[in-house]
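Below is one structure, written out as structure tokens; the observations come after it.
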Amino acid sequence: MPVIERDIQVRWRHQVHFTEDVFSPGNPVLRDILSAGRPGRPTSTLVVADEALALARPDLLPSVSAYFATHAAAIRMVCPPVSIVGGEAVKNAYFRVSEIHALIDRFHIDRHNYVIAIGGGALLDMVGLAASTAHRGVRHVRIPTTTLAQDDSGVGVKNGINAFGKKNFIGTFSPPFAVINDFNLLTTLSERDKRAGYVEAVKVACIRDRAFFEWIESQASALARFEAAAMKPLIFRSAELHLNHIATGGDPFEMGSARPLDFGHWAAHKLEQLSEYRLRHGEAVAIGIALDVVYARLCGMLAPEPAERILALLETLGFELFASELLHEDEQGQLLVANGLEEFREHLGGELTITLLRDLGVGVEVHEMDLPLVVRAIDELRRRHLARPGAILRARTP
Ligand SMILES: NC(=O)c1ccc[n+]([C@@H]2O[C@H](COP(=O)([O-])OP(=O)(O)OC[C@H]3O[C@@H](n4cnc5c(N)ncnc54)[C@H](O)[C@@H]3O)[C@@H](O)[C@H]2O)c1
Ligand SMILES: [Zn+2]
């Protein structure tokens, strides 16, 4: 039987802009992005903002409206900015996606108009899913407002929400039209959320860039004090490394089984779910990285010195490297976190592929994990945690 085959090539310019005070009337970045290629005809835009941000900065949404009013000849908002409660809860409820779809329908946002999401990684993931599925994809612009969203999640090409107790079960690969990172939007962030994003920078440094890892080590105390002079370059380099991977890694839409940027994530996703999202994504990833680092050392794959440097860096940045959810068991006495391995495999498809480390900056892929060794690694993290001053072991929940 005949077969028609054609190679289809799609070129995509992925743009992440760095600016400050994006909604100050004199800042042209957003206007120029939205109006590019549309002289004389204002583009329609729906703006969705993270409620916690809007509450923490009561001046923000009025300044968004004032920005659009100033540039009314080029860009127009279809309604006042809509604020929606952010955080992981927004990814655990499908009706939020329907709400955004309904607004896109009601205000006639078409494929040449825009949905802008301003917020943390969770809100961006949800709004991105809605934008990328309405009309098979209207343009969306992300304005990330957490460290994690600026240095990792917001600059990537994925959107999604959680379902069936699994992270990102419903989602799309759909690059945003543009991303705008405005460091000044982080000022109202809690210290907890400022810190959580550091871990994605440590992660990408561990697998890709030893010099960056050593730079983070040199800045660890300043980062622990949330000094802008250290945070800004950390966010920039982490975003750049994530983008480099997407653009040049050869698998932007993750067709293969490997996902090196998910170093430390197989356990992390499971821990987020087991903790009922008590743990932030970044906090769970810190524990997931620690687990895989100790595991790699126990296997003899990673030398003790780099392993200790990674654990010490995470601790200096203020992360806990243990959570009681690591000890949760099912009725058969099997560690629940171990189910994360199969769920991770199923999410990626194909063969189980976990990235571990051979050295700082050098990732290595393995296709199985030795469960007794995982248990030993967990026990080591538990003992390390208990030895730290002021440590408490949270009561075990069934
Ligand atoms: N799409 C991807 O490629 C990708 C990659 C990594 C992580 N993620 C996802 O990102 C999510 C985590 O994102 P996150 O770490 O940004 O947390 P988050 O979105 O849950 O935000 C944390 C909290 O901060 C609030 N907030 C956001 N910005 C604020 C600000 N400037 N001031 C005050 N409060 C603010 C939010 O409302 C929320 O309560 C997870 O769901 C994770 O799975 C996605
Ligand atoms: Zn992550």
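Remember, it's 1-based here, ligands and their atoms both numbered in the order they're listed. Each residue takes its place number in the sequence, starting with 1.
Among protein residues, Asp50, Ala52, Leu53, Gly86, Gly87, Glu88, Lys91, Gly120, Gly121, Ala122, Asp125, Thr145, Thr146, Leu148, Asp152, Ser153, Lys158, Lys167, Leu185, Thr188, Leu189, Asp193, Arg280, His281 come within 4.0 Å of ligand 1, judged on heavy atoms.
Looking only at distances, no side-chain donor or acceptor of Tyr198 sits under 3.5 Å from a matching main-chain atom of Leu317. Using a distance-only test at 3.5 Å, with no hydrogens or angles considered, a donor-acceptor pair links the side chain of His101 to the main chain of Ala130. His71 places no side-chain N or O within donor-acceptor distance of the main-chain N or O of Pro28, the cut-off being under 3.5 Å.
Atom CG in Leu311 sits 10.5 Å away from atom OG1 in Thr316 (nearest 0.5 Å).
For the Zn ion (ligand 2), the tally of protein N/O/S atoms lying closer than 2.8 Å stands at 3.
Asp193 pairs by the side chain to side chain donor-acceptor pair (under 3.5 Å) definition with Ser190, Arg280, not counting sequence neighbours.
In Arg376, the CZ atom is not crowded: 12 or fewer heavy atoms of neighbouring residues, nucleotides or ligands sit closer than 6.0 Å.
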Going by atom type alone, with no hydrogens or angles, which donor-acceptor pairs under 3.5 Å involve a side-chain atom of residues 46-59 and a protein atom two or more places apart or on another chain?
{"residue": "Asp50", "atom": "OD1", "partner": "Ala52", "partner atom": "N", "Å": "3.4"}
{"residue": "Asp50", "atom": "OD2", "partner": "Gly120", "partner atom": "N", "Å": "3.1"}
{"residue": "Arg57", "atom": "NH1", "partner": "Asn184", "partner atom": "O", "Å": "3.3"}

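Ring geometry for Tyr67 against Phe23 counts as perpendicular: the plane angle is over 60°, on a 0 to 90° scale with 30° as the lower cut. Ring planes of Phe169 and Phe164: perpendicular class, angle over 60° (limits at 30 and 60°).
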